[in-house]
Trainee: 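To start, I am sharing the structure in question, which I have written as structure tokens.
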Amino acid sequence: MDQTFLFGVFAAAMLAAWFNGRRVAVALFLAGLILSVADYLHHATDRLNLSF
Amino acid sequence: MTPRLAVTLNALGLYAIALVLLAAFVLQITLSELPCPLCQLQRVAFAALAVGPVLNLRHGPRPSHYGMTLLAALFGLMASGRQILLHILPGDAGYGSAILGAHYYSWAFVGFAAAAAATAAMMLFDRQFGDRDTPRLGTFEKAAMGLIVGLVLANMLNGFAECGPRICPDNPTGYWLFGG
């Protein structure tokens with residue numbers, strides 16, 4: 001569900017860009033990116049057994 | 001670099017992103033391998049990569065549009081890099097099949113790095129930013145836009161078919177829509 005929504009946000013950003021809504025497109029892109037990072041943090045919970 | 005050439009190269013970038021999304025679909029269907037949430041997020045990052053070039057096509061090349069593409073590439077590098085680290089230990093078979101010797105997420109990492117490098121290289125050419133007129137687009141550019149929007153919407157439907165109204169499991173085994 002979460003990624004389905006994110007695809008929808010970026011598709012809407014592209015359609016807004018195409019139909020002359022540059023500001024709307026940029027706002028949708030930034031909102032989508034923030035939500036994507038939040039979704040990434042939600043899923044990236046497994047501990048990495050690595051040593052740097 | 002003229003604005004006209006920059007627009008053409010941005011359209012080529014859209015075709016490259018479309019090719020990646022299409023290849024992911026073809027491999028998903030032919031190998032019957034469902035994308036995990038991190039894999040889906042990498043596809044989301046490829047969709048996000050396309051917003052900057054679409055803006056460049058429609059409103060003319062601007063540094064801010066290239067900046068958006070760089071941010072999307074960084075997010076993609078973060079998601080694919082994490083998945084590489086999850087499976088980097090010796091003996092780990094990785095997630096999904098290896099294609100041409102590397103897993104999807106390794107190829108995605110290469111793709112995002114290449115996108116970041118290409119975007120940075122595009123930003124080196126200042127002449128493309130001088131003209132603020134709306135570019136006149138031909139069939140080549142319009143088809144690129146239609147193709148990428150179609151593929152992102154197809155990914156949206158694919159995500160719904162796989163997970164439905166719930167959060168996707170870490171290791172999906174079937175499509176929610178078909179009772180899996």
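Each chain gets a letter, A, B and so on, in the order its sequence line appears, and its residues count up from 1. All values reported here derive from a predicted model rather than from experimental measurement. Side chains included, hydrogens not; waters and symmetry mates left out as well; all remaining heavy atoms used.
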Trainee: Is B:Arg62 close to A:Arg22 at the side-chain level, that is, under 4.5 Å between some pair of heavy atoms?
Mentor: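 SC-SC contact between A:Arg22 and B:Arg62 confirmed.
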Trainee: Report, in residue-number order, which members of residues 23-32 of chain A are under 4.5 Å from chain B by heavy-atom distance.
Mentor: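 Within residues 23-32 of chain A, the residues under 4.5 Å from chain B are A:Ala25, A:Val26, A:Phe29.
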Trainee: In terms of heavy-atom pairs under 4.5 Å, which option from B:Asn155, B:Val54, B:Leu71, B:Leu89 contacts chain A the most?
Mentor: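 Greatest number of close heavy-atom pairs with chain A: B:Asn155.
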Trainee: Would you check if B:Ile167 and A:His42 make a side-chain contact, meaning some heavy-atom pair closer than 4.5 Å?
Mentor: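 Heavy-atom side-chain distance check passes, below 4.5 Å.
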Trainee: Please classify the contact of B:Leu38 with chain A as side chain, backbone, both or neither, using a heavy-atom distance under 4.5 Å.
Mentor: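 Just the side chain, heavy atoms under 4.5 Å.
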Trainee: Using non-hydrogen atoms and a 4.5 Å limit, figure out which bit of B:Thr134 sits close to chain A: side chain, backbone, both or neither.
Mentor: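 Answer is neither: B:Thr134 stays 4.5 Å or more from chain A.
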Trainee: Under 4.5 Å from any heavy atom of chain A, what part of B:Leu137 do you find: side chain, backbone, both or neither?
Mentor: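 The side chain, not the backbone.
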Trainee: Under a single-linkage definition using a 4.5 Å side-chain heavy-atom cutoff for Ile, Leu, Val, Met, Phe, Trp and Tyr, are B:Ile17 and B:Leu19 assigned to the same hydrophobic cluster?
Mentor: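 Cluster IDs for B:Ile17 and B:Leu19 differ.
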Trainee: Does any non-hydrogen side-chain atom of B:Leu153 lie less than 4.5 Å from one of A:Phe7?
Mentor: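 Sidechains of B:Leu153 and A:Phe7: no contact.
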Trainee: With rounding to the nearest 0.5 Å, note down the distance linking CZ in B:Phe75 to CD1 in A:Ile34.
Mentor: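 Reported value, rounded in 0.5 Å steps: 12.0 Å.
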Trainee: Under 4.5 Å between any side-chain heavy atoms of A:Leu6 and B:Leu41, yes or no?
Mentor: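 Yes, at least one pair of side-chain atoms sits under 4.5 Å.
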Trainee: Considering only heavy atoms, which portion of B:Met145 lies under 4.5 Å from any heavy atom of chain A: side chain, backbone, both, or neither?
Mentor: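 Only the side chain of B:Met145 comes within 4.5 Å of chain A.
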Trainee: With hydrophobic residues grouped by side-chain heavy-atom distances under 4.5 Å, do B:Val44 and B:Tyr104 end up in a single group?
Mentor: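 Not linked; separate clusters.
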Trainee: Should A:Met14 and B:Leu157 be regarded as members of a common hydrophobic cluster, given that ILVMFWY residues are connected when their side-chain heavy atoms come within less than 4.5 Å of each other, either directly or indirectly?
Mentor: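 No: no chain of side-chain contacts under 4.5 Å links A:Met14 to B:Leu157.
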Trainee: Examine whether an atom of B:Leu85 lies under 4.5 Å from a heavy atom of chain A, and if so say whether it belongs to the side chain, the backbone or both; otherwise answer neither.
Mentor: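 Both parts, backbone and side chain.
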Trainee: Hey, does the side chain of B:His59 reach the backbone of A:Ala17 with a donor-acceptor pair shorter than 3.5 angstrom?
Mentor: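 Checking the backbone N and O of A:Ala17 against the side chain of B:His59, a donor-acceptor pair under 3.5 Å is found.
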Trainee: Heavy-atom distance under 4.5 Å to chain A: side chain of B:Ile88, backbone, both or neither?
Mentor: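 Answer is side chain: those atoms of B:Ile88 sit under 4.5 Å from chain A.
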Trainee: Can you find a heavy atom in the side chain of A:Phe5 that is under 4.5 Å from one in the side chain of B:Met156?
Mentor: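 Not in contact.
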Trainee: Please check if B:Phe46 and B:Ile29 belong to a single hydrophobic cluster, counting links between Ile, Leu, Val, Met, Phe, Trp and Tyr side chain heavy atoms closer than 4.5 Å.
Mentor: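 Looking at the clustering, B:Ile29 is in a separate group from B:Phe46.
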Trainee: Is it the side chain or the backbone of B:Pro37 that comes within 4.5 Å of chain A heavy atoms, both, or neither?
Mentor: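 Answer is both: backbone and side chain atoms of B:Pro37 are under 4.5 Å from chain A.
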Trainee: Does any part of the side chain of A:Met1, heavy atoms only, come nearer than 4.5 Å to the side chain of B:Phe160, both counted from C-beta?
Mentor: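 With C-beta onward as the side chain, the pair stays apart.
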Trainee: Same hydrophobic cluster for B:Leu5 and B:Leu12, using side-chain heavy-atom links shorter than 4.5 Å among ILVMFWY?
Mentor: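 Shared cluster, yes.
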Trainee: Under 6.0 Å from the CZ atom of B:Arg4, do we count more than 12 heavy atoms belonging to anything else shown?
Mentor: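 Enclosed.
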Trainee: Identify which of B:Gly52, B:Pro165, B:Cys163, B:Cys36 forms the greatest number of heavy-atom pairs closer than 4.5 Å to chain A.
Mentor: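 Answer, by heavy-atom pair count under 4.5 Å with chain A: B:Pro165.
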Trainee: Given a strict heavy-atom distance threshold of 4.5 Å, which part of B:Ala72 is in contact with chain A: side chain, backbone, both, or neither?
Mentor: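 For B:Ala72, backbone and side chain are both near chain A.
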Trainee: At what distance, to the nearest 0.5 angstrom, does OG of A:Ser36 lie from CD of B:Gln40?
Mentor: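 Interatomic distance, A:Ser36 OG to B:Gln40 CD, rounded to 0.5 Å: 12.0 Å.
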Trainee: Could you tell me the separation between the CZ atom of A:Phe10 and the CD1 atom of B:Ile148, rounded to the nearest 0.5 Å?
Mentor: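 The distance works out to 12.5 Å.
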